[in-house]
Number of protein chains: 2
Amino acid sequence: MKLKSMDISATASASTLVFDALRKAIIEGQLEEGEPLRQDEIARLFNTSRIPVREAISRLQEQGLVKTQRYKGAIVAGLSPQETEEIFDLRALVEPEIVRSAVPKMSKDQLALAREKCAAFSASTDPATWGDLNREFHEALYGASDLKFFQEIADNAIDRVERQIRAQLVMSNGMERAGREHFGILEACEKGDAELAARLTKEHIQGAKKSLLAHLPVG
Amino acid sequence: MKLKSMDISATASASTLVFDALRKAIIEGQLEEGEPLRQDEIARLFNTSRIPVREAISRLQEQGLVKTQRYKGAIVAGLSPQETEEIFDLRALVEPEIVRSAVPKMSKDQLALAREKCAAFSASTDPATWGDLNREFHEALYGASDLKFFQEIADNAIDRVERQIRAQLVMSNGMERAGREHFGILEACEKGDAELAARLTKEHIQGAKKSLLAHLPVG
DNA sequence: ATAACCCAAATTGGATCCAATATTCAATAT
DNA sequence: ATATTGAATATTGGATCCAATTTGGGTTAT
């Protein structure tokens with residue numbers, strides 16, 4: 001009998017590793033907005049040449065996470081208040097559709113996972129983990145949806161405002177409100193009420209946007 | 001007095017040139033779905049090395065226009081009927097919002113341009129130009145909107161289904177219907193009726209989707 | 001002292017070369 | 001005849017080197 005072919009190694013290419021690491025560093029705020037990305041420095045950090053670094057940077061640019069200028073290099077992209085607002089509007093348009101399509105397809109296991117993530121988020125007292133836990137809850141909710149392009153867009157939109165989301169969570173009662181709203185969305189999913197879940201998701205995002213804009217320079 | 005530094009040349013980088021050329025070739029259907037992109041061959045075509053080609057391909061992959069496999073290279077990405085349907089659903093969600101936001105901001109000149117593009121589309125008898133003219137009309141409509149992320153998404157979505165759009169236009173009465181609907185949308189814009197323009201845009205996209213799916217293998 | 005200028009250092013863009021992997025096809029065993 | 005093996009070829013991934021451009025500091029003229 002023949003053995004099943006299984007990719008033991010599954011080693012990603014160097015450019016992908018660099019891409020993932022830089023993306024993570026940017027959305028987590030370890031690299032500040034406007035900070036230049038020096039190819040040579042990054043290459044040394046990852047023990048590679050500049051070739052994979054350049055490929056990673058060009059992909060990051062395509063995702064809007066960095067901006068590059070010819071012969072001047074790449075810097076971490078930032079968002080104006082208007083741009084931030086637009087991204088939240090985009091999320092408020094797209095993500096309710098993802099939830100609506102996901103609700104009728106959620107399995108017991110997926111609901112259990114979502115409930116677990118919801119609880120973990122509400123229980124966490126370490127601000128450093130809030131961003132990840134928030135995202136894990138939303139991903140658990142969206143996982144049952146088969147709208148993969150919608151999810152791509154939501155993922156990228158969240159990437160771009162991840163820093164603002166984290167700021168919003170630590171703000172005033174941001175964490176408490178998010179926890180409450182998550183629970184409401186989860187309950188709607190458990191009841192199988194796709195319309196309600198979609199509406200609450202939209203309100204959740206719009207609420208986050210409002211509370212964020214209220215604390216922004218221009219408003 | 002010193003001269004202002006102005007980029008006379010404004011020469012784009014080789015990777016950008018390759019990227020633009022490949023993107024154009026893919027969405028226009030000159031490169032067929034599934035066709036492999038050989039780095040060496042493309043490099044020779046553009047008189048460059050493979051480095052800029054690889055950068056271009058990685059950006060195309062990020063946009064979903066090609067798929068790559070490690071050590072196997074890139075092929076032109078295709079869409080299943082389900083994926084095509086999802087992209088049209090995404091367009092039907094996003095593009096009406098762009099039009100809605102654009103209507104109150106349209107200048108006389110922009111309206112005149114849109115009318116011109118609308119007429120050019122309806123008047124054209126050369127199927128090879130229909131895709132471009134269709135796109136130019138929509139871009140003229142969307143131009144006044146300041147929702148740049150929404151437009152990025154619409155542009156990419158249209159890129160991915162450009163081949164299907166072209167097919168839809170040459171199908172049965174696709175061209176005639178599109179011309180009529182374009183005119184309706186334009187009239188709503190000229191009246192300043194943003195709601196109507198948005199609704200007609202949504203129906204325009206949903207109609208194109210339906211007529212496309214009706215002629216697709218699976219349906 | 002200040003502004004214009006010029007040259008060296010830093011940085012990016014691209015070309016060439018080498019390594020790793022996949023593919024093809026002929027040779028061989030069953 | 002068919003399946004398997006293995007070497008030759010093709011192709012991609014990455015490293016190193018060179019060219020083009022920007023940047024920063026020192027020099028000089030006013």
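The chains referred to below are lettered A, B, ... by the order of the sequence lines, with proteins before strands, and numbering in each begins at 1.
- Per the geometry, CD1 belonging to A/Ile75 stands 15 Å off C1' belonging to C/dT12, to the nearest Å.
- Using a cut-off of 4.0 Å between Lys/Arg side-chain N and Asp/Glu carboxylate O, A/Glu97 and A/Arg100 are scored as salt-bridged.
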Which pairs would a plain distance check flag for residues 47-60 of chain B, meaning a side-chain donor or acceptor within less than 3.5 Å of a matching protein atom at least two apart in sequence or in another chain?
{"from": "B/Ser49", "atom 1": "OG", "to": "B/Ile51", "atom 2": "N", "distance (Å)": "3.3"}
{"from": "B/Arg50", "atom 1": "NE", "to": "B/Gln39", "atom 2": "OE1", "distance (Å)": "3.1"}
{"from": "B/Arg50", "atom 1": "NH2", "to": "B/Gln39", "atom 2": "OE1", "distance (Å)": "3.3"}
{"from": "B/Ser58", "atom 1": "OG", "to": "A/Ser58", "atom 2": "OG", "distance (Å)": "3.3"}
{"from": "B/Ser58", "atom 1": "OG", "to": "B/Glu55", "atom 2": "O", "distance (Å)": "3.0"}
{"from": "B/Arg59", "atom 1": "NE", "to": "A/Glu62", "atom 2": "OE1", "distance (Å)": "2.9"}

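- Applying the ring-ring contact (aromatic ring centres under 6.0 Å, His included) test to B/Phe137 and every residue at least two apart in sequence or in another chain returns B/His182.
- Across residues 37-45 of chain A, A/Leu37, A/Arg38, A/Gln39 each have a non-hydrogen atom less than 4.0 Å from an atom of DNA chain C (numbered order).
- Under the rule for a ring-ring contact (aromatic ring centres under 6.0 Å, His included), A/Phe149 has no partner lying at least two apart in sequence or in another chain.
- Between A/Tyr142 and A/Thr201, the closest side-chain pair of non-hydrogen atoms falls below 4.5 Å.
- Residue pairs that meet the ring pair (Phe, Tyr, Trp, His ring centres under 6.0 Å) test with at least one member in residues 46-102 of chain A, sequence neighbours left out, do not exist here.
- The stretch residues 65-84 of chain B participates, sequence neighbours left out, in these salt bridge (Lys or Arg N to Asp or Glu O under 4.0 Å) pairs: A/Lys148-B/Glu83.
- Considering only heavy atoms from C-beta on, A/Asn156 comes within 4.5 Å of A/Arg160 through its side chain.
- Within the 4.5 Å cutoff, no side-chain heavy atoms of A/Ile87 are placed close to those of A/Lys209.
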Identify the pairs formed between an N or O of the protein and an N or O of nucleotides 15-18 of chain C at a distance under 3.5 Å, and give each distance.
{"from": "C/dA15", "atom 1": "OP2", "to": "B/Ser49", "atom 2": "N", "distance (Å)": "2.7"}
{"from": "C/dA15", "atom 1": "OP2", "to": "B/Ser49", "atom 2": "OG", "distance (Å)": "2.8"}

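- With contacts defined as side-chain heavy-atom distances shorter than 4.5 Å, the pair B/Glu33/B/Leu79 does not qualify.
- In this structure, B/Gln69 places its CD atom 15 Å from C1' of D/dG13, rounding to the nearest Å.
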I'd like a list of close polar pairs between nucleotides 19-23 of chain D and the protein, N/O only, cut-off under 3.5 Å.
{"from": "D/dT23", "atom 1": "OP1", "to": "A/Lys72", "atom 2": "NZ", "distance (Å)": "3.4"}

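- Salt-bridge annotation for B/Arg135 and B/Asp159: present, with a side-chain N of the basic residue lying under 4.0 Å from a carboxylate O of the acidic one.
- Near-neighbour residues of DNA chain D inside residues 56-63 of chain B, defined by a heavy atom below 4.0 Å, are absent.
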Exercise. Please test A/Glu32 against A/Val76 for side-chain contact (heavy atoms from CB on, under 4.5 Å), starting from the C-alpha separation and ending with a verdict.
Key: CA-CA 7 Å; A/Glu32 276 178 36; A/Val76 178; over 6 Å; no

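- Computed from C1' positions of five pairs at each end, the angle between the two local axes of the helix from C/dA1-D/dT30 to C/dT30-D/dA1 equals 0°, rounded to 10 degrees.
- Take A/Phe150 and apply the ring-ring contact (aromatic ring centres under 6.0 Å, His included) test, not counting sequence neighbours, and it matches no residue.
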Quiz item: Going through the distances and angles, do A/Lys117 and A/Leu113 end up as a side-chain contact (heavy atoms from CB on, under 4.5 Å)?
Solution: CA-CA 6 Å; A/Lys117 296 294 184 187; A/Leu113 179 68; 3.9 Å; yes

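- Every residue meeting the side-chain hydrogen bond (donor to acceptor under 3.5 Å, both in side chains) condition with A/Lys105, not counting sequence neighbours, appears here in chain and number order: A/Asp146.
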